[in-house]
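In what follows, a single structure is set out as structure tokens and then discussed.
Only heavy atoms go into these numbers, but all of them, side chains included; no hydrogens, no water, no symmetry mates. Being a predicted model, the structure only gives us computed values, none of them experimental.
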Amino acid sequence: MCGRYVIVSSVEVIEKKFQVKAPELPLKMIPNYNLGPGSYGPVITSENPKELQFFQFGLTPSWAKKKMYLFNARSEGDGNKENDPNYTGGKGIISKPSFRKPIRSQRCLIIADAFIEGSTKEGLDRPFVVYLKQRRPFALAGIYDKWVDPATGEIVNSFAIITTTPNTLLQKIPHHRSP
């Protein structure tokens with residue numbers, strides 16, 4: 001699962017690389033060497049592709065009664081329970097209640113410099129930092145949603161990383177998912 005990632009590139013580097021503009025906010029979210037659920041990270045949404053925004057990692061669906069932190073959205077949904085790296089079946093994400101609306105109309109790029117994975121046996125007790133040698137920052141595929149806290153009226157924009165079967169590199173760790 002991709003439940004932690006790293007973002008250390010400056011806002012200026014992200015703006016230049018992705019041709020976006022960041023809002024004039026206190027940007028205390030960068031750098032983050034261990035960004036996990038509940039933290040804020042930079043995203044570029046399909047709705048505002050020229051703006052760098054900061055959303056909470058861990059999707060809370062718009063219809064939820066309380067805050068949730070769904071940090072991975074499995075592209076195959078429940079179709080690959082065995083985590084077979086050669087799975088070629090359907091993309092069940094489109095039928096999952098939490099993801100069916102966002103996958104169709106609320107997609108985003110999640111800006112990262114690396115992501116953190118553990119092996120299937122040791123988990124994050126012995127983590128691996130995975131990054132691209134020549135391309136940093138890069139983008140992970142994601143979905144986002146807007147949730148309104150019924151108690152306070154606070155609007156929370158949140159996102160999840162779309163995951164799929166592992167590529168050959170992640171199979172070597174070994175890990176059963178890949179962003």
First locate atom [atom1] of [X], then atom [atom2] of [Y], and finally report the distance between them rounded to the nearest 0.5 Å.
X    : Y    : atom1 : atom2 : result
D149 : E154 : CG    : CD    : 6.0 Å
I143 : I93  : CD1   : CD1   : 5.0 Å
I14  : L109 : CD1   : CG    : 12.0 Å
F138 : I110 : CZ    : CD1   : 10.5 Å
I161 : F71  : CD1   : CZ    : 9.0 Å
F99  : N72  : CZ    : CG    : 8.0 Å

Item to check | Partner set under salt bridge (charged side-chain N to carboxylate O under 4.0 Å, His left out) for D125, not counting sequence neighbours | outcome: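 For D125 there are no salt bridge (charged side-chain N to carboxylate O under 4.0 Å, His left out) partners, ignoring immediate neighbours.
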
Kindly give the heavy-atom pair with the smallest separation between [X] and [Y], and that separation in Å.
X    : Y    : result
I94  : R104 : O-NH1, 3.2 Å
K50  : Q19  : CD-O, 3.7 Å
C108 : F159 : SG-CB, 4.2 Å

Look only at the side chain of [X] and the backbone of [Y], and say whether a donor-acceptor pair between them is shorter than 3.5 Å.
X    : Y    : answer
Q106 : Y144 : yes
S105 : P102 : no
Q171 : P166 : yes
T164 : S178 : no
R100 : S95  : yes

No-hydrogen, no-angle side-chain donor-acceptor test under 3.5 Å, [X] and [Y]:
X    : Y    : result
T163 : R74  : no
N32  : R4   : no
S9   : D113 : yes

Hydrophobic cluster identity match, [X] and [Y], side-chain contacts under 4.5 Å:
X    : Y    : result
F128 : F115 : yes
V8   : V13  : no
L35  : L132 : yes
L170 : Y5   : yes

Next on the checklist: Can you list everything that forms a side chain to side chain contact (heavy atoms under 4.5 Å, CB included) with P49? Sequence neighbours excluded, please.
Outcome noted: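 Here no residue qualifies.
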
Next on the checklist: Quick one, K96 and I103 - any side-chain contact, counting heavy atoms below 4.5 Å?
Outcome noted: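 Side-chain contact under 4.5 Å: no.
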
Next on the checklist: Would I155 and K146 count as a side-chain contact (heavy atoms from CB on, under 4.5 Å) here? Give the steps.
Outcome noted: CA-CA 7 Å; I155 296 172; K146 182 186 296 187; 3.5 Å; yes

Checklist entry - How far apart are the C-alpha atoms of I111 and I7, what are their side-chain angles, what is the distance that settles it, and do they pass the side-chain contact (heavy atoms from CB on, under 4.5 Å) test? => result CA-CA 7 Å; I111 311 305; I7 180 67; 3.9 Å; yes

Checklist entry - How about K91: does its NZ atom have over 12 heavy atoms from other parts shown lying under 6.0 Å from it? => result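 Result for NZ/K91: enclosed.
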
Checklist entry - Should the heavy atoms of other residues, nucleotides or ligands under 6.0 Å from OH of Y131 be counted, would the total exceed 12? => result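 Atom OH in Y131 is not crowded, with 12 or fewer foreign heavy atoms closer than 6.0 Å.
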
Checklist entry - Any ion pair linking E76 and R177 (charged N to carboxylate O, less than 4.0 Å)? => result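 Salt bridge: yes.
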
Checklist entry - When you look at F18 and I44, which way does the side-chain contact (heavy atoms from CB on, under 4.5 Å) test go after all the steps? => result CA-CA 9 Å; F18 291 95; I44 302 167; 3.6 Å; yes

Determine all donor-acceptor pairs shorter than 3.5 Å in which one atom belongs to a side chain in residues 51-66; sequence neighbours excluded.
{"from": "Q53", "atom 1": "NE2", "to": "T45", "atom 2": "OG1", "distance (Å)": "3.2"}
{"from": "Q56", "atom 1": "OE1", "to": "K67", "atom 2": "NZ", "distance (Å)": "3.4"}
{"from": "Q56", "atom 1": "NE2", "to": "G38", "atom 2": "O", "distance (Å)": "3.3"}
{"from": "T60", "atom 1": "OG1", "to": "M68", "atom 2": "N", "distance (Å)": "3.0"}
{"from": "T60", "atom 1": "OG1", "to": "M68", "atom 2": "O", "distance (Å)": "2.6"}

Item to check | Test log, rule side-chain contact (heavy atoms from CB on, under 4.5 Å), inputs T165 and D84 | outcome: CA-CA 7 Å; T165 56; D84 177 4; over 6 Å; no

